[in-house]
Amino acid sequence: MMIDQSKFWERPNWLFCLLLPFLHFASIRLTYLWAVTPENVVVFWVPNAVLLAAILRFRGQRALLLAALTFTSDVLANLHALPLHVALMLGIVNQGEVLLTFWLLMRSGASPRLHRIQDFLKFSLTGPVLVSMAAGMTAAAVLHHVAGFKAPYFTLARLWWFSDGLGMFIFTPLLLAFTLRQPRLRLARIDIAILGGALLMTAAVLSAQGGVIDGVSVTPTLLLPVVALIALRYGARLTTLFVAVVSMATALMMTSGMKPFGDVPVHLGVVRTQEFILTLCMIGIGFAVLINEVRARERELEERVRERTRE
């Protein structure tokens, strides 16, 4: 049976409601596998971005139902690491974080498509900064006073804030870019050569053990000009995909002990990884949104000129 994609994305039907909890559960398991250090420090948290992207894509339709479905998968996926009552409380924090982010975005007048630079800035300030910080403070209270974690309260709050904020930054624009209609991308031979060179450079940088190749310091920071070039030439889809791949690869290097930013303590390595991913998102995704907006205005102006010419 073929699925009409245009109708599939009109509103969250039964098939989407069935698939979302599985995707959400898989994103939690992927996070534990890919982005959690042996010391249980989370580099970025993916699941909240999955739910937020779904609610934004459907402009809030059945938002409470989607949150309830993912609340179940959130609790089930975390039971291996947390007691039931703690998993329930943290599940409420996660779903509340996403719903509050969406509500504030709509109150601010931002478009759920995040296709204008002002929408992206509102999203960045609302979700990854303000709401994630509030969620981090709430979750830290649960972990510190209920679960009995020994780490200081503000350390737990900062870790939750940064991991949730980065997850939203990386994966919400990615999922929106691949579910919303975008202009068709046509690649010439030069584009294939550029992308191939970018992938080779990325592989070389990310394969460096301890941030060094033959005695030369090589850190993921060298990839920042590459993501700017991709954003300039190829738009939101390829840029968000590149940002996600590099972020996941850098987090995997960190969690597997490869130390991409040199021989530094684990805590400092995680902070540098998060700072790099944040910069990568701001340069890559922010630049791609800005370029898309400029090109859309150019097309609109050209259409107006053609209409005036016909008149």
Side-chain angles (χ1 to χ4, degrees), residues 11-14 16-32 35-36 42 44-108 110 112 114 122-147 149 156-157 159-176 179:
R11 64 195 310 257
N13 56 26
W14 67 268
F16 184 86
C17 291
L18 182 64
L19 292 175
L20 180 61
F22 288 98
L23 177 61
H24 187 263
F25 184 91
S27 69
I28 297 176
R29 304 307 302 164
L30 175 66
T31 300
Y32 279 118
V36 179
V42 182
F44 54 73
W45 183 251
V46 182
N48 291 2
V50 173
L51 175 59
L52 180 59
I55 293 177
L56 286 172
R57 181 60 182 82
F58 292 111
R59 298 178 178 271
Q61 297 181 78
R62 298 183 176 177
L64 293 179
L65 173 61
L66 299 181
L69 291 171
T70 53
F71 173 77
T72 303
S73 58
D74 193 302
V75 173
L76 291 176
N78 285 303
L79 280 179
H80 79 286
L82 298 167
L84 176 60
H85 66 287
V86 176
L88 289 170
M89 296 173 73
L90 294 181
I92 293 173
V93 173
N94 280 326
Q95 312 317 304
E97 176 183 338
V98 173
L99 293 174
L100 181 57
T101 298
F102 174 75
W103 182 78
L104 289 176
L105 279 175
M106 296 302 96
R107 292 283 294 178
S108 70
L114 305 182
K122 289 177 181 178
F123 159 75
S124 303
L125 180 62
T126 301
V129 177
L130 296 178
V131 180
S132 292
M133 179 174 62
M137 296 174 68
T138 306
V142 174
L143 293 172
H144 192 71
H145 299 293
V146 179
F149 278 42
L156 294 172
L159 291 173
W160 186 286
W161 174 21
F162 282 19
S163 62
D164 275 23
L166 284 178
M168 285 189 185
F169 241 140
I170 300 166
F171 294 99
T172 300
L174 171 69
L175 295 172
L176 288 175
T179 56

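- Within the 4.5 Å cutoff, no side-chain heavy atoms of Thr72 are placed close to those of Phe25.
- Of the listed residues (Thr138, Leu51, Asn48, Ile92), just one forms a side chain to side chain contact (heavy atoms under 4.5 Å, CB included) with Glu97, and that residue is Asn48.
- Atom CZ of Arg62 sits about 12.5 Å away from atom CG of Leu20, to the nearest 0.5 Å.
- Here Phe44 and Phe171 bring their ring centres to under 6.0 angstrom of each other.
- Two residues are said to be in side-chain contact when any heavy atoms from C-beta on lie closer than 4.5 Å; Ile170 and Val46 fail this criterion.
- Counting heavy atoms from C-beta on, the side chains of Leu79 and Leu76 come closer than 4.5 Å.
- Inter-residue side-chain proximity for Leu65 and Leu69 is flagged as met; some heavy-atom pair is nearer than 4.5 Å.
- Summarising the local packing, CE of Met137 is surrounded by 12 or fewer heavy atoms from other residues, nucleotides or ligands at distances under 6.0 Å.
- Of the possible polar contacts, one joining the Ser132 side chain to the Gly127 backbone as a donor-acceptor pair under 3.5 Å is found.
- Atom-to-atom distance recorded for Ser27:OG and Phe22:CZ is 13.5 Å, nearest 0.5 angstrom.
- For the residue pair Ala87 and Val75, the shortest heavy atom distance occurs at O-CG2, 3.8 Å.
- Across all non-hydrogen atoms, the minimal contact from Val86 to Ala147 is CG2-CB, 3.9 Å.
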Going through the checks in order, is the side-chain contact (heavy atoms from CB on, under 4.5 Å) test met by Val50 and Leu175?
-> CA-CA 7 Å; Val50 173; Leu175 295 172; 4.2 Å; yes

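- Nearest heavy atoms, Arg59 versus Phe102: C-CZ, 3.7 Å.
- In terms of heavy atoms, Pro47 sits closest to Ile28 at CG-CG1, 3.1 Å.
- Residues Leu64 and Leu99 meet the side-chain proximity criterion, which asks for heavy atoms closer than 4.5 Å.
- In this structure, the side chain of Arg57 engages the main chain of Thr179 through a donor-acceptor pair within 3.5 Å.
- Residues Pro21 and Cys17 come closest through the heavy atom pair CD-O, 3.0 Å.
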So Lys122 and Arg107, side-chain contact (heavy atoms from CB on, under 4.5 Å) or not? Walk me through it.
-> CA-CA 11 Å; Lys122 289 177 181 178; Arg107 292 283 294 178; over 6 Å; no

Can His80 and Tyr32 be said to form a side-chain contact (heavy atoms from CB on, under 4.5 Å), step by step?
-> CA-CA 11 Å; His80 79 286; Tyr32 279 118; 3.6 Å; yes

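- Atom OG1 of residue Thr126 and atom CE of residue Met168 lie 10.0 Å apart, to the nearest 0.5 angstrom.
- In this structure, Thr31 and Val42 have side chains that are in contact, with non-hydrogen atoms separated by less than 4.5 Å.
- Between Phe16 and Phe58, the distance separating the two ring centers is shorter than 6.0 angstrom.
- The CG atom of Leu114 sits 5.5 Å away from atom CG of Leu176, with the distance rounded to the nearest 0.5 Å.
- Atoms CD1 and OG1, from Ile55 and Thr70 in turn, are 7.0 Å apart once rounded to the nearest 0.5 Å.
- For the pair Thr172 (side chain) and Phe169 (backbone), a donor-acceptor distance under 3.5 Å is absent.
- Annotation for Met106 and Pro112: closest pair CE-CG, 3.8 Å, computed over non-hydrogen atoms.
- At least one donor-acceptor pair closer than 3.5 Å links the side chain of Asn78 to the backbone N or O of Asp74.
- Side-chain atoms of Trp45 do not come within 3.5 Å of backbone N or O of Trp160 as any donor-acceptor pair.
- Under the rule for a ring pair (Phe, Tyr, Trp, His ring centres under 6.0 Å), Phe123 has no partner lying at least two apart in sequence or in another chain.
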